[in-house]
Amino acid sequence: MSSFEKDTKNLFNKKVLFKYALQGAVLASIVGAVIFFVTLSPDTWVELKNINWLYIVLLSCMIMLAWFCNSTRIYLLTHSINHNISFRSAMAISISTEFGVSASPGGVGGTAVRLGLLVKSGLDLPRSTALFASDVFVDCLYFIIMMPLAVFIILTDPTWNNSFKGMGNLPYIILGYMLLVIALVTLAIRNGKKLNKFAHRLLRKYGHKRRLSGRWRIVTGNFMTNISASWGAVIFLWKNKRSVLVCNFFLSTIQLTCRYSTLPILLIAFSCDKNPFPLFFIQGVVFLLSAMLVVPGGGGASEIITSLILPVFVQKSVIGVIVLLWRIYTYYFYLFIGGAVFSFTINHLNMLKPIDKKNDN
């Protein structure tokens, strides 16, 4: 067993993931509570009385629809290679994967959980990795299409004029951070082997107590494996299962729209007068920045960054409430409901086996 497989196996371990989940939940709760009480005022209760609570019901339905779409994607992809798991099994894998993402540092546990459960269902690791990588490719394609539209609205919509003036240098700091990440990723692709060796030497020397070397192997291993596997999987599906690939993209569109529309809809619920669509993109940036910290649950970074952005759109008195509700839908739902599903699935792995035992696997 390679070192990468050993580290991935650790993040598939129930005890390890629940330990990380507890750490992340505590950190996020503390930061969220501080933001809530700092922004709390008499106006907060007035705004809460005026809110249309149908929006809250709508958001719950959207999260469940996102889970359904992701489960359907797994179901279709596995069946496209004659690995006929039940839809119930696909849903267990999907929701457990979301727990892995929410619970682990930088979200790397999501990959470990999904690959681990697919392997436990009887699918070999190379094909499990290829199917996962094709999903990553489709999700990236969706954001590539959506991002220019969000930027276009920010630049042309009158309601967004001068929106970022009150934020000082924060937008430029975030933009600079993203450009730095893009540059580092590009550099890593072009000089991957040299940088990987240097990082391993550095982390073995200074980060052995915190298993930083192992975490680095997981992150880089996932990245390089997904890059190499995704294109081959997409080409295979395009040539042999084109309808599955198109349907996967359609389901990805619904899933990601439901998940990343939570913040815009919450702002509409609290009477934001700006076009909320670009916040869909901004929310994705927030998740990306918090994931870069490689701390369970983002270490409260999502809450902090969002609370710095929100004054542009709503009054201070409702910022804490919006951040709290937003994280309930984008983090705590995935953590607690996903954790329960993951725990049940780990204890009933036989349920993952394919329905048709005479398949080609």
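No hydrogens, no waters, no symmetry mates; every other heavy atom, side chains included, goes into these values.
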- Item | Close side-chain approach of L65 and I254, heavy atoms under 4.5 Å | yes

- Item | Close side-chain approach of T78 and N84, heavy atoms under 4.5 Å | no

- Query: Is there a donor-acceptor pair closer than 3.5 Å between any side-chain N or O of S96 and the backbone N or O of I93?
  - Reply: no

- Query: If you measure from the Lys or Arg side-chain nitrogens to the Asp or Glu carboxylate oxygens, is any gap between R114 and E98 under 4.0 Å?
  - Reply: no

- Message: Quick check: do S302 and R327 have side-chain heavy atoms less than 4.5 Å from each other?
- Response: yes

- Roughly how far, to the nearest 0.5 Å, is the CD1 atom of I74 from the CG atom of N248? 10.0 Å

- Does V138 share a hydrophobic cluster with M146, counting links as ILVMFWY side-chain heavy atoms below 4.5 Å and allowing steps through other members? yes

- Out of curiosity, does I30 fall in the hydrophobic cluster containing L308 (side-chain heavy atoms, cut-off under 4.5 Å, transitive links)? no

- Message: Would N70 and L251 count as a side-chain contact (heavy atoms from CB on, under 4.5 Å) here? Give the steps.
- Response: CA-CA 7 Å; N70 196 26; L251 291 167; over 6 Å; no

- Stepwise side-chain contact (heavy atoms from CB on, under 4.5 Å) test for K316 and S41: CA-CA 9 Å; K316 181 182 176 181; S41 73; over 6 Å; no

- Task: Classify the ring geometry between H79 and Y75 as parallel (under 30°), tilted (30 to 60°) or perpendicular (over 60°).
- Result: tilted

- Run through T44, V314, T39 and flag the one making a side chain to side chain contact (heavy atoms under 4.5 Å, CB included) with V321. T44

- Query: Does any non-hydrogen side-chain atom of Y20 lie less than 4.5 Å from one of V16?
  - Reply: yes

- Query: Got a donor-acceptor contact below 3.5 angstrom from the T262 side chain to the C258 backbone?
  - Reply: no

- Query: Less than 4.5 Å apart, any side-chain heavy atom of R259 and any of Y334?
  - Reply: yes

- Message: Checking T97 against S94: is there a side-chain donor and acceptor pair closer than 3.5 Å?
- Response: no

- Message: Let me confirm one number: the CG-CG distance from L245 to L76, rounded to the nearest 0.5 Å.
- Response: 11.5 Å

- So how far is it from W326 CH2 to I319 CD1, rounded to the nearest 0.5 Å? 13.0 Å

- Message: Would you say that W45 contacts L40 through its side chain, given a criterion of any heavy-atom pair below 4.5 Å between the two side chains?
- Response: yes

- Classify the angle between the aromatic ring planes of F18 and F99 as parallel (below 30°), tilted (30 to 60°) or perpendicular (above 60°). tilted

- Note on the structure: Taken to the nearest 0.5 Å, the spacing of L324 CG from L266 CG works out to 10.0 Å

- Separation of I265 CD1 from L58 CG (nearest 0.5 Å): 4.5 Å

- Message: Would you say F37 ends up clustered with I322 if hydrophobic residues are merged whenever their side chains have heavy atoms under 4.5 Å apart, either directly or through other cluster members?
- Response: yes

- Evaluation steps, ring-ring contact (aromatic ring centres under 6.0 Å, His included), between Y260 and F143: CA-CA 11 Å; Y260 288 95; F143 280 107; 5.4 Å; yes

- Quick one: do I85 and L352 satisfy side-chain contact (heavy atoms from CB on, under 4.5 Å)? Show the steps, please. CA-CA 7 Å; I85 62 174; L352 299 176; 5.9 Å; no

- Message: Would you call the rings of F333 and W67 parallel, tilted or perpendicular, taking 30° and 60° as the class edges?
- Response: tilted

- Spacing of L325 atom CG and I328 atom CD1 [to the nearest 0.5 Å]: 5.5 Å

- Task: Applying side-chain contact (heavy atoms from CB on, under 4.5 Å), run through L48 and F270 and close with a yes or a no.
- Result: CA-CA 8 Å; L48 283 173; F270 283 92; 4.2 Å; yes

- Could you check whether the rings of F68 and F87 sit parallel, tilted or perpendicular, using 30° and 60° as the cut-offs? tilted

- Contact check, side chains of I145 and F249, non-hydrogen atoms, under 4.5 Å: yes

- Side chain of T129, backbone of L125: donor and acceptor closer than 3.5 Å? yes

- Student check: side-chain heavy atoms of M62 and S261 closer than 4.5 Å: yes

- Query: Is there a path of hydrophobic side-chain contacts, each under 4.5 Å between heavy atoms of I, L, V, M, F, W or Y residues, that connects L263 with M64?
  - Reply: no

- Message: Assigning hydrophobic clusters by single linkage (Ile, Leu, Val, Met, Phe, Trp, Tyr; side-chain heavy-atom cutoff under 4.5 Å), is I35 placed with V38?
- Response: no

